[in-house]
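These notes are about the structure you will find just below.
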Number of protein chains: 2
Amino acid sequence: MALPRAAKTQRRTRIQEEKEELILEAALEVFATNGFRGSTIDQIADVAGMSKPNLLYYFRTKEAMHRALIERVLDSWLDPLREFDAEGNPVSEIRSYIRRKLEMARDFPRESRLFANEVLQGAPRIEDALMGPLKALVDEKAKVIRTWAKAGKIAKCDPYHLIFAIWATTQHYADFDVQVRAVLGKDRAGEGRFEDAARFLELLFVNGLAVSGPATGGPAA
Amino acid sequence: MALPRAAKTQRRTRIQEEKEELILEAALEVFATNGFRGSTIDQIADVAGMSKPNLLYYFRTKEAMHRALIERVLDSWLDPLREFDAEGNPVSEIRSYIRRKLEMARDFPRESRLFANEVLQGAPRIEDALMGPLKALVDEKAKVIRTWAKAGKIAKCDPYHLIFAIWATTQHYADFDVQVRAVLGKDRAGEGRFEDAARFLELLFVNGLAVSGPATGGPAA
DNA sequence: TGTAATGTTTACCAACCGGTTAAATTATCA
DNA sequence: TGATAATTTAACCGGTTGGTAAACATTACA
């Protein structure tokens with residue numbers, strides 16, 4: 001059997017609830033900044049303020065912590081895409097999806113980096129999630145976007161690459177935060193950067209996906 | 001003194017040239033897929049086909065290997081941005097910048113991941129490069145873009161966030177390759193995905209940056 | 001309050017990891 | 001070819017890492 005001792009108790013206690021919460025919070029912090037292999041149980045224990053063997057009383061292995069963390073975070077991570085509504089106005093749906101993703105990059109950068117680390121290193125521990133639930137959800141929303149494009153409500157484009165572009169541009173502000181701040185410089189690196197980013201991305205995507213080219217040189221409507 | 005023994009020889013030999021090349025190639029492979037802390041000297045030695053002490057004859061520490069690798073790769077990595085020409089046609093400059101970055105993501109994904117890993121984990125070893133040469137180059141090109149925008153050649157937008165968006169969308173195809181392939185599915189995950197991406201990104205940026213809004217509701221010129 | 005269930009700590013281990021030493025081997029060239 | 005410089009290897013070292021065993025402390029509840 002591969003259960004930690006805490007899972008073998010007869011009832012699930014208040015302490016278990018609290019400590020597991022505490023551990024996953026610490027694990028998020030550590031895994032997000034160091035990746036799986038770069039993180040140590042000792043680090044996580046330190047952040048959680050408990051001893052290593054005590055951690056291992058609740059999660060039998062480092063991998064088990066990581067797995068539990070991914071499981072807990074993945075669902076909420078995909079929520080914004082789920083809210084993407086086929087019945088809504090295409091432009092405002094896309095716009096609010098971008099806004100929501102950008103808010104998540106600002107408010108939950110560790111979650112973003114957790115996945116980024118994992119995917120970047122070949123996704124050895126989340127491959128199933130990518131090819132299963134994630135792909136299924138994207139497939140579904142891609143269909144919606146394609147419908148909009150065919151109805152002439154937005155420009156004809158590959159819906160998958162549109163979604164990739166939104167992911168990339170928004171998560172960039174969480175995953176590459178250090179670089180963004182370094183390039184913007186001290187004076188511009190305040191929280192205002194997220195509003196600037198939102199403004200720019202809105203321009204880019206709304207304008208970029210608008211039907212029929214701009215005044216300059218597109219084929220006449 | 002912190003020199004590896006190979007650097008203390010009287011002449012620089014053919015073998016040194018070859019072996020250092022071999023080591024850096026192996027180090028790129030390993031660092032790109034595991035990050036600095038996740039990589040071991042043994043792994044690099046394995047890929048390079050030589051023993052660990054032999055590696056350490058050419059590079060005194062793991063960090064020295066990483067430093068040498070970054071140094072060698074950073075310059076060529078920034079080349080596309082350097083070619084960005086103030087005198088050229090704005091739209092075609094931006095378009096060819098995107099194309100070139102996308103080609104690099106396709107042809108040199110390991111280089112992209114090397115930096116992504118580093119930046120993602122707080123850039124402890126390349127902070128200076130980010131705040132120095134990188135920022136300087138971006139500042140310079142941002143000015144060019146701003147000039148274009150003021151001259152009405154492209155939409156008024158924040159040039160820094162434009163550059164971030166181009167970086168994010170193009171490097172996404174190298175850094176998040178596993179995810180891209182998983183979502184596209186087996187049938188669409190061939191090399192054609194880069195052409196599809198190029199087509200989409202061209203639409204997005206060229207359309208998105210075109211002066212004056214599209215037919216739908218922009219302020220009259 | 002007593003006791004059984006739950007939680008925590010101390011001490012430990014084997015494998016791994018970055019790096020060193022010194023001896024052995026190979027290449028270079030007068 | 002022989003001597004010298006350059007390269008490679010085997011053996012090793014101290015610290016770290018993931019994980020375990022068992023004693024000890026605490027909590028919950030009858």
Side-chain angles (χ1 to χ4, degrees), chain A residues 1-27 29-31 33-69 117 121 124-125, chain B residues 1-24 26-27 29-31 33-69 121 124-125:
Chain A
M1 196 173 303
L3 292 173
R5 284 167 52 201
K8 292 179 183 170
T9 62
Q10 299 170 356
R11 346 172 263 96
R12 189 167 165 73
T13 70
R14 170 186 56 88
I15 293 184
Q16 280 172 34
E17 213 90 42
E18 289 172 7
K19 289 291 164 86
E20 281 167 18
E21 176 70 23
L22 191 66
I23 291 169
L24 289 181
E25 158 67 25
E29 182 72 29
V30 174
F31 283 137
T33 48
N34 300 107
F36 180 78
R37 208 158 178 274
S39 303
T40 71
I41 301 181
D42 281 300
Q43 281 172 19
I44 298 173
D46 244 35
V47 174
M50 49 205 300
S51 70
K52 180 167 62 168
N54 200 177
L55 265 200
L56 292 166
Y57 172 74
Y58 294 100
F59 296 92
R60 215 181 46 95
T61 63
K62 188 169 96 167
E63 187 137 359
M65 280 177 236
H66 194 267
R67 201 165 28 236
L69 188 57
N117 260 305
Q121 308 197 355
R125 282 164 291 274
Chain B
M1 194 173 303
L3 291 173
R5 286 164 55 200
K8 291 179 181 170
T9 61
Q10 297 170 357
R11 350 173 257 94
R12 189 167 165 75
T13 70
R14 170 186 57 87
I15 292 182
Q16 280 172 34
E17 213 91 41
E18 288 172 7
K19 289 291 163 88
E20 282 168 17
E21 176 69 24
L22 191 66
I23 292 169
L24 289 181
E29 183 72 28
V30 175
F31 283 137
T33 48
N34 300 106
F36 181 78
R37 205 158 181 281
S39 303
T40 71
I41 301 181
D42 281 300
Q43 279 173 19
I44 299 173
D46 242 34
V47 174
M50 49 206 300
S51 70
K52 180 168 65 169
N54 200 179
L55 263 199
L56 293 166
Y57 171 75
Y58 294 100
F59 295 92
R60 214 180 48 95
T61 63
K62 188 169 96 166
E63 188 139 358
M65 279 177 238
H66 195 266
R67 201 165 29 236
L69 189 56
Q121 308 198 355
R125 281 163 293 273

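No experiment lies behind these values; they were computed from the predicted model shown.
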**Prompt:** Atom CD of A/E20 and atom P of C/dT6: how far apart are they, to the nearest Å?
**Reply:** 14 Å

Please tabulate, one pair per line, each protein N/O and nucleotide N/O from nucleotides 26-30 of chain D that are separated by under 3.5 Å, including the distance.
{"unit_1": "D/dA28", "atom_1": "OP1", "unit_2": "A/R14", "atom_2": "NH2", "d": "3.1"}

**Asked** Got a sec, which residues hit side-chain hydrogen bond (donor to acceptor under 3.5 Å, both in side chains) with A/R125, two or more places apart in sequence or on another chain?
**Response** A/E118

**Request:** In whole angstrom, give the distance that lies between atom CD of B/Q16 and atom P of C/dA27.
**Result:** 15 Å

**Complete:** A/H66 NE2 to D/dG18 P, in whole Å, measures 13 Å

**Item:** side-chain hydrogen bond (donor to acceptor under 3.5 Å, both in side chains) partners for B/R37, two or more places apart
**Value:** none

**Asked** What's the closest nucleotide to the B/R60 side chain, out of D/dT8, C/dT20, C/dG7?
**Response** C/dT20

**Asked** Between C/dG7 atom P and A/Y57 atom OH, what is the distance in whole Å?
**Response** 4 Å

**Prompt:** If we only count heavy atoms from C-beta on, is the A/M65 to A/I41 side-chain gap below 4.5 Å?
**Reply:** yes

**Message:** For D/dA5 and B/T13 - does any side-chain N or O of the residue sit under 4.0 Å from the phosphate oxygens OP1/OP2?
**Reply:** no

**Asked** Parallel, tilted or perpendicular: which fits the ring planes of A/F31 and A/H66, with parallel below 30° and perpendicular above 60°?
**Response** perpendicular

**Asked** In whole Å, what is the span from the CZ atom of B/F59 to the P atom of C/dT20?
**Response** 15 Å

Where do N or O atoms of nucleotides 10-17 of chain D meet protein N or O atoms at under 3.5 Å, pair by pair?
{"unit_1": "D/dT17", "atom_1": "OP1", "unit_2": "B/R37", "atom_2": "NH2", "d": "2.7"}

Side-chain donor-acceptor pairs under 3.5 Å in residues 44-56 of chain A, sequence neighbours left out?
{"unit_1": "A/S51", "atom_1": "OG", "unit_2": "A/N54", "atom_2": "N", "d": "3.3"}

**Prompt:** Does A/R12 have any side-chain contact (heavy atoms from CB on, under 4.5 Å) partners at least two apart in sequence or in another chain, and if so, which?
**Reply:** A/Q16, A/E17, A/E20

**Request:** Starting from P on C/dC16, measure out to CG on B/D46 and report it in whole angstrom.
**Result:** 13 Å

**Prompt:** How long is the line joining CG of B/N54 and P of C/dT25, in whole Å?
**Reply:** 15 Å

**Item:** Whole-Å gap separating P (C/dG7) and CG (A/L22)
**Value:** 14 Å

**Item:** Non-neighbouring partners of B/E29 that pass side-chain hydrogen bond (donor to acceptor under 3.5 Å, both in side chains), sequence neighbours left out
**Value:** B/R110

**Message:** At less than 4.0 Å, is any side-chain N or O atom of B/S51 found next to OP1 or OP2 of D/dT8? Yes or no.
**Reply:** no

**Request:** Identify the heavy atoms of B/P124 and B/Q121 that sit nearest to each other, and give their distance.
**Result:** CD-O, 3.6 Å

**Request:** Apply side-chain hydrogen bond (donor to acceptor under 3.5 Å, both in side chains) to A/E63 and list each qualifying residue two or more places apart in sequence or on a separate chain.
**Result:** none

